[in-house]
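The structure appears below as structure tokens.
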Amino acid sequence: MSSTGENGAAAEPEQLAFIRETVKRAKPRTWRGAKRAEHLPVARVVVDKGVLTIDKFFDYEVPAAMAEEAQPGARVRVRFGARVVKGQREGGELHDGFIVARLEKSDFPGPLAPLAQVLSPEPVLTPPLLRLCRTVADRYAGTLADVLQLAVPPRHAKAEAEPSPPPRPRPPEPAPGGWSRYPAGPDFLAALAGGGSPRAVWTALPGPGWPYEIARAVAATLAGGRGALVVLPDGRSVARVDRALTELLGEGMHATLAADLGPRERYRRWLSVSRGSVHAAIGTRAAMFAPVRDLGLVVVWSDGDGSHSDPRAPHPHVREVALLRAAEESAGVLLGGHAVTVEGAQLIRTGWARPLAADRETVRQVAPRVRTVTDQDQHRDAAAQAARLPSVAWEAAREALASGGPVLIQVPRRGYVPRLACGRCRTPARCRRCEGPLEAAAADAPLHCGWCGGAEPDWHCPECGSFRLRAQVIGARRTAEELGKAFPRVPVRTSGRDAVLATVPAEPALVISTPGAEPVVEGGGGYAAAVLLDGWALLSRPDLRAGEETLRLWLAAAALVKPAAEGGTVVVVAEPTARPVQALVRWDPLGHAGLELDERAQLHFPPVSRMASVAGSPAAVADLLGLIRLPSDADVLGPVPAPALRGEEQERALLRVPPGQGAALAAALKAAQIARIALRTPETVRVRIDPTDIG
DNA sequence: AGCACGCCGACT
DNA sequence: GTCGGCGTGCTC
């Protein structure tokens with residue numbers, strides 16, 4: 001076969017793609033014997049190479065032709081892994097990297113290879129961004145290269161060629177607005193405007209005001225001559241703050257770094273921040289690294305939301321990155337939400353942040369009335385019974401619809417797949433032979449075991465003897481169908497995973513939503529009522545955060561309901577004595593977070609202790625645990641069997657250290673990982689600081 | 001990761 | 001004598 005490509009017409013698409021790629025990107029010359037730059041001839045480079053370049057910088061010679069462009073922060077290509085043949089350096093794979101410094105001389109004893117190419121002189125990796133990425137990598141036992149991938153967006157040449165507008169003018173100091181509802185609110189704004197760095201854990205009042213409060217905090221920071229950054233958990237909340245900022249400051253005063261923009265627009269906006277044209281940035285998770293200059297304020301909204309945790313290694317969390325930035329860049333912090341996380345409560349308790357909350361009287365004025373009801377309380381009405389609505393919930397929904405407002409029904413996610421449990425006492429229905437979960441292919445279909453497949457024709461509950469079964473959670477779709485029958489002639493709208501509604505009209509309707517997908521009522525009036533169904537399903541999840549998370553989901557829904565004075569009612573179907581239920585009834589998220597924090601402290605759980613998980617094959621986990629040199633008062637929990645991965649047996653161990661030793665734990669884990677690579681141990685161990693799924 | 005260098009057993 | 005085993009170490 002010819003190697004010259006005459007058979008190109010028959011080539012596979014991948015080959016064509018490869019050819020196009022190689023043709024498009026000009027091959028950098030070797031710069032063999034080229035003159036080197038006279039001034040600062042050494043470029044220190046962070047090479048964007050996977051795990052194996054264990055966090056080292058490499059020095060390269062700067063050819064004279066690149067002396068001007070090869071500035072710190074610039075993207076470059078370098079040859080890596082070359083070999084020396086007959087005194088000449090040959091080959092070496094091209095890798096992308098960033099210049100971190102220009103130096104007079106290198107401390108590397110051998111000869112330096114020249115930079116292959118300056119991809120772009122744009123100084124994207126600014127010193128503060130580099131410092132932040134280094135700090136985040138250390139905090140999470142990850143590599144700088146991994147964090148850089150999260151922090152610096154891919155280059156888009158056209159976007160880079162466009163000039164950014166001149167720096168935006170500073171807005172005037174805003175009036176306190178909704179912040180005057182919080183005793184410490186006006187002072188908080190004034191401190192930001194005055195160049196101070198106040199740090200607050202903000203319990204946001206229910207209602208539609210919070211995006212405007214965030215916008216005012218941003219405006220105050222800009223007015224004081226500094227920059228501001230806001231990170232929110234999803235696109236809908238970004239859009240709300242985006243609108244509030246535009247209303248308050250006008251067009252073009254902030255950059256919205258949304259994920260759905262396309263690479264060019266995204267990079268264009270990122271550059272407008274990096275170049276200092278725009279002083280405020282908002283966005284979802286990835287925006288946590290936005291290179292806002294002279295940062296005066298970082299805002300994180302709803303820091304308990306799971307999407308603030310980055311799924312990519314080393315899994316940095318928006319709140320933690322925000323706190324690291326605030327410390328490093330002397331910025332203020334606003335950690336806000338309708339709920340308060342345990343981490344927020346801890347920041348208050350240690351004195352690092354101040355609580356920013358309204359007094360009880362104000363809360364009473366704006367919060368809806370909350371009632372609890374157990375789901376044993378069945379309604380007499382046949383339709384309500386079919387919809388499994390307790391009578392209190394049924395009445396509340398009926399009255400709310402009659403009053404002319406929409407009613408929100410929150411249903412835990414699960415779809416149609418029924419996981420069965422005892423209809424009376426909620427004990428999961430299990431197979432008598434293998435303890436596997438019992439399932440039914442359809443409602444009224446015969447029972448069988450989900451593990452061994454055996455039939456279970458005459459099940460009864462081993463705990464209470466009941467013969468009644470029910471699906472553990474009825475999904476949003478089926479709830480919608482059944483409620484539609486229960487309330488004929490009332491429109492039913494659903495919002496969930498696949499189709500999330502941003503808003504619903506302020507008219508009678510049943511709005512069925514999974515937690516976190518609740519639409520906002522147009523016009524700012526709010527729902528007339530909300531019914532929070534199947535609370536037990538949220539509360540009984542085997543997760544350390546189940547209580548905290550349930551309260552967060554409930555408060556987020558309840559915050560969309562009208563104040564009690566305007567008839568707003570929330571009915572939560574759950575055991576009334578449960579702590580999150582109590583906290584919802586009293587609308588006391590801060591108190592709840594404090595109690596949770598006490599409990600975590602007692603049990604030596606995070607965030608009072610710092611934890612890390614190590615997962616992999618039993619041999620690999622044992623190997624790492626044998627190598628690691630942990631701080632003396634560290635605990636090793638496990639290893640225990642974990643769910644198989646691609647059919648491979650897996651184990652997981654948890655490492656735990658007391659407060660203040662998180663950095664030591666991360667360092668020990670990183671050292672052990674490096675040692676394993678050096679010893680050429682084949683199987684990798686997945687290390688995760690602050691694991692999210694601990695039962 | 002690749003890929004070379006390096007120091008001990010059976011072969012043309 | 002040499003070819004080659006993959007242990008060990010490096011990549012600017």
Side-chain angles (χ1 to χ4, degrees), chain A residues 18 22 27-67 69-119 125 130 133-134 137 141-149 312-314 616-617 619-620 623-624 626-627 646 648 669-687:
Chain A
F18 173 70
T22 47
K27 192 179 170 192
R29 45 175 289 210
T30 57
W31 300 97
R32 188 175 295 158
K35 221 170 78 195
R36 61 176 214 174
E38 278 178 29
H39 184 56
L40 301 175
V42 175
R44 185 153 287 173
V45 172
V46 51
V47 179
D48 171 17
K49 197 169 183 277
V51 206
L52 257 296
T53 309
I54 292 302
D55 255 9
K56 274 175 66 181
F57 294 139
F58 292 88
D59 290 347
Y60 286 82
E61 188 175 282
V62 180
M66 298 182 198
E69 294 207 314
Q71 291 306 316
R75 290 181 213 256
V76 292
R77 312 198 87 207
V78 293
R79 293 193 185 278
F80 195 84
R83 59 184 191 281
V84 175
V85 178
K86 284 183 264 170
Q88 288 291 347
R89 175 179 300 281
E90 277 196 6
E93 301 246 321
L94 280 170
H95 283 280
D96 290 350
F98 299 94
I99 298 181
V100 298
R102 286 280 295 270
L103 306 167
E104 195 52 58
K105 67 187 294 289
S106 171
D107 49 15
F108 182 69
L112 300 186
L115 293 173
Q117 199 180 4
V118 177
L119 279 173
L125 186 59
L130 172 61
C133 291
R134 178 74 270 160
T143 63
L144 180 59
D146 278 351
V147 178
L148 289 177
Q149 295 236 314
R312 295 163 296 175
S617 75
D623 181 48
L624 183 127
L627 269 166
R646 290 186 293 269
E648 308 269 320
L669 279 164
K670 192 157 173 180
Q673 286 276 63
I674 291 169
R676 287 191 78 244
I677 289 158
L679 293 173
R680 213 182 306 274
T681 331
E683 298 162 306
T684 59
V685 176
R686 298 182 305 285
V687 167

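In what follows, chains are A, B, ... by sequence order, proteins preceding strands, each numbered from 1.
- Leu94(A) has its CG atom 22 Å from the P atom of dA1(B), to the nearest Å.
- If you measure from atom CD of Glu93(A) to atom P of dC3(B), you get 8 Å, rounded to the nearest angstrom.
- The side-chain hydrogen bond (donor to acceptor under 3.5 Å, both in side chains) check on Asp623(A) picks up Arg676(A), with sequence neighbours excluded.
- One can place CZ of Phe108(A) at 8 Å from C1' of dT11(C), the figure rounded to the nearest angstrom.
- Protein atom NE2 of His95(A) is 14 Å distant from nucleotide atom P of dA1(B), rounded to whole Å.
- Whole-Å rounding puts the Tyr60(A) OH to dC12(C) P distance at 5 Å.
- Among residues two or more places apart in sequence or in another chain, the side-chain contact (heavy atoms from CB on, under 4.5 Å) test is passed with Ala619(A) by Ser617(A), Glu683(A).
- The environment of Glu38(A) atom CD is sparse: at most 12 non-hydrogen atoms of other residues, nucleotides or ligands sit within 6.0 angstrom.
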_Applying side chain to side chain contact (heavy atoms under 4.5 Å, CB included) to Phe58(A) and Arg44(A), what does each step give before you reach the verdict?_
CA-CA 6 Å; Phe58(A) 292 88; Arg44(A) 185 153 287 173; over 6 Å; no
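- Going from atom CZ of Phe57(A) over to atom P of dC10(C) covers 20 Å, rounded to whole Å.
- Lys56(A) places its NZ atom 7 Å from the P atom of dT11(C), with the value rounded to the nearest Å.
- If you take CZ of Arg79(A) and P of dC10(C), they are 23 Å apart, rounded to a whole angstrom.
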